Participant: 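My questions will all concern the structure given below.
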Protein chains: 2
Amino acid sequence: MITNPETQPTRGTQLSEQVARQLTHAIHTGDMRPGERLPTEAALGERYGISRSVVREAISMLRNAGLVTSRRGSGSFVAEVPTVALRLAIPDPSLQSVIRLLELRRALEVEAARLAAQRRTPSQLRRIRNAMADIDEAVEIGADGVDQDMAFHRAIAEASNNTHFTAIIDFYNRFLHHAITVTRTNESLRETFMAQVIEEHQAIVDAIDQGDEDAAAQAAARHLEHAEWRLRQAPTDLLERLEDTATDTPV
Amino acid sequence: MITNPETQPTRGTQLSEQVARQLTHAIHTGDMRPGERLPTEAALGERYGISRSVVREAISMLRNAGLVTSRRGSGSFVAEVPTVALRLAIPDPSLQSVIRLLELRRALEVEAARLAAQRRTPSQLRRIRNAMADIDEAVEIGADGVDQDMAFHRAIAEASNNTHFTAIIDFYNRFLHHAITVTRTNESLRETFMAQVIEEHQAIVDAIDQGDEDAAAQAAARHLEHAEWRLRQAPTDLLERLEDTATDTPV
DNA sequence: ATTTATAATGTTGTCTGACAAATCCATTGG
DNA sequence: CCAATGGATTTGTCAGACAACATTATAAAT
């Protein structure tokens, strides 16, 4: 029932999608500021010449994308920290997929280590050191130390002082947890592996400590190259078990 | 109007959200398999004892989460490749934020160039070359060539044959568009800048062509370092215009 | 009998109108 | 000045209808 050609949404297949795009654009460009209230559903319907159903569907998309929040009786508001949803395929747990994730991890963590060497604050450096000590502690009492390992790498990402790195690394860590566990629970190779890992970690931390960005990046790159090698060394039966425990990861 | 206590959705504030959770669970547990058709909206409304509006809103959530796709006249289907949504904060358009994005870009594109040098297929290499030619063409007719530039970098990411890279690069490209445009529309520096850019691009492509992964990574790193430098060289009035559109909301 | 056109049916997208539930606001009363 | 209360506003849900498109069954033609 498009009655207002002036503000008619741009062509597209789905009406609600067109409206959602327009509103999204208004938020992205700062035309509507965080915390600000959106026009009422009725008003938006009037403006675009569409029914309230379509407006609701459009707002539902924005809500789902984390751009707005709605409060019954009050209205819909631009989120205080607007987010966009980056839709990514769920990695299947095959060895191939895990290696693709390691490639991404290498890209991010090498650069994160470089930035950390440049910018880490004293307290961030302290936290990195503590995380490294936690790994040793966990290994000594017989645990696999995977959680501590991930916390260590996260501490480095935090020291990069660039939230993009931490956000993406957090996201992918969920899918890597199991893979790392596999390489650690390999009894025969465990001791030599752990010794390698600890030494590689130490090299990264030293470089960050000294503010040597190239050395930090190089140490991180070496660590992740070796991580891939260690994963490939894991016996085939363990890798198959990797396939069995498919993602029970929630959205 | 919950009439069927047997299948009553679990407790929660929003009816549609409860239904969405149930359906999501059914998909995750493999109760509904990829490609399978969901029950019709009317049937779902019947099953849960809710109106079609609520069912539609619930399905809208799943659609937005990438779990299902809907075809008018046909039905809604479980997506072939289920996705998860990574929600990231929207970068504000300040110079500082743009530089943070460039840092992320550097991390990804350096590694993407390395992988592309290892794995690019002949057709992928051809596409990269075409994209590079498109930039020249656009510049010659007086356009800024920003879109073509981004397409060029995307072609390289594709040649890495790792979908994680393309997905993330696509995501942040949206926010870099304006910043790149600023550095390009600077009349006084434009010619020298474009000459630099073209030369840097050529170096990347040559390395990828020859399969020299280290050279490709190095060329990409240099390109992005220079990109940051060029951005900083942009006259202050242009940069301020970049800052002006920023949210000055205190958070 | 096979293929092609046509009709019937089913499904999602959109419109309209109504009411419930929660919130907001202004007036009133102390 | 403050609190309570009532009305107005706004989102959430319900209900029914039609439009647009897809699928399937039926009929027609060669």
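Predicted model only: the values in this text are computed from it and were never measured. First the proteins, then the strands, lettered A, B, ... as listed; each starts at 1.
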Participant: For the pair A:R100 and A:E103, find out whether any cationic side-chain nitrogen is under 4.0 Å from an anionic carboxylate oxygen.
Facilitator: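 Looking at A:R100 and A:E103, the cut-off is met.
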
Participant: D:dG12, C:dC15, D:dA15: which one has an atom nearest the side-chain heavy atoms of A:E41?
Facilitator: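 My answer, after comparing the listed nucleotides, is D:dG12.
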
Participant: Distance alone, cut at 3.5 Å: any donor-acceptor contact between the side chains of B:Q124 and B:N161?
Facilitator: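 Yes, side-chain donor-acceptor contact under 3.5 Å.
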
Participant: How do B:S53 and A:R37 order along DNA chain D: which one's closest nucleotide is nearer the 5' end?
Facilitator: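 Nearer the 5' end of the strand: A:R37.
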
Participant: I'd like to check B:L224 versus B:R105 (side-chain heavy atoms, cut-off strictly below 4.5 Å). Are they in contact?
Facilitator: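 Of all side-chain heavy-atom pairs linking B:R105 with B:L224, at least one is under 4.5 Å.
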
Participant: May I ask you to decide whether B:R52 forms a salt bridge with B:E57, counting only side-chain N to carboxylate O separations under 4.0 Å?
Facilitator: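 The answer is no: the pair does not qualify as a salt bridge.
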
Participant: Is it the case that the ring center of A:H164 lies less than 6.0 angstrom away from the ring center of B:Y172?
Facilitator: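 For B:Y172 and A:H164, the ring centres are not under 6.0 Å apart.
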
Participant: Please report, rounded to the nearest Å, how far the P atom of D:dA15 is from the CD atom of B:E46.
Facilitator: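 Roughly 11 Å, once rounded to whole Å.
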
Participant: Does the distance from a Lys or Arg side-chain N to an Asp or Glu carboxylate O, for B:E228 and B:R106, drop under 4.0 Å?
Facilitator: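 Looking at B:R106 together with B:E228, the answer is no, because their closest N to O distance does not fall below 4.0 Å.
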
Participant: Could you list by number each residue of residues 69-78 of chain A showing a heavy-atom separation from DNA chain C of less than 4.0 Å, or answer none if no residue does?
Facilitator: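 Per residue number, the list reads A:R72, A:G73, A:S74.
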
Participant: Give the rounded distance in Å between these two atoms: CZ of A:R56 and C1' of C:dG13.
Facilitator: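 Those two atoms, CZ and C1', are 16 Å apart.
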
Participant: Out of C:dT11, D:dC14, D:dT11, which has the shortest distance to the side chain of B:T40?
Facilitator: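 Among the listed nucleotides, the one closest to the side chain of B:T40 is C:dT11.
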
Participant: Nearest whole angstrom, please: distance from the P of D:dT11 to the CD of B:E57.
Facilitator: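 To the nearest whole Å, that distance equals 12 Å.
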
Participant: Less than 4.5 Å apart, any side-chain heavy atom of B:D149 and any of B:V197?
Facilitator: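 Counting from C-beta outward, B:D149 and B:V197 do come under 4.5 Å.
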
Participant: Between C:dT14 and A:S16, is there an OP1 or OP2 to side-chain N/O distance shorter than 4.0 Å?
Facilitator: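 Yes, within the criterion.
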
Participant: Which listed nucleotide (C:dG13, C:dT14, D:dT11) is nearest to the side chain of A:L15?
Facilitator: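 Of the candidates, C:dT14 comes closest.
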
Participant: Using a cut-off of strictly less than 4.0 Å, decide whether A:R63 has a side-chain nitrogen or oxygen near OP1 or OP2 of D:dG12.
Facilitator: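 Answer yes for this pair, as a side-chain N or O of A:R63 is under 4.0 Å from OP1 or OP2.
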
Participant: Could you give the CG-to-P distance, from A:L38 to D:dG12, as a whole number of Å?
Facilitator: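 In whole Å, D:dG12 P lies 12 Å from A:L38 CG.
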
Participant: Below the 4.0 Å mark, does D:dA15 have OP1 or OP2 next to a side-chain nitrogen or oxygen of B:R52?
Facilitator: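 Indeed not, no polar side-chain atom of B:R52 lies that close.
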
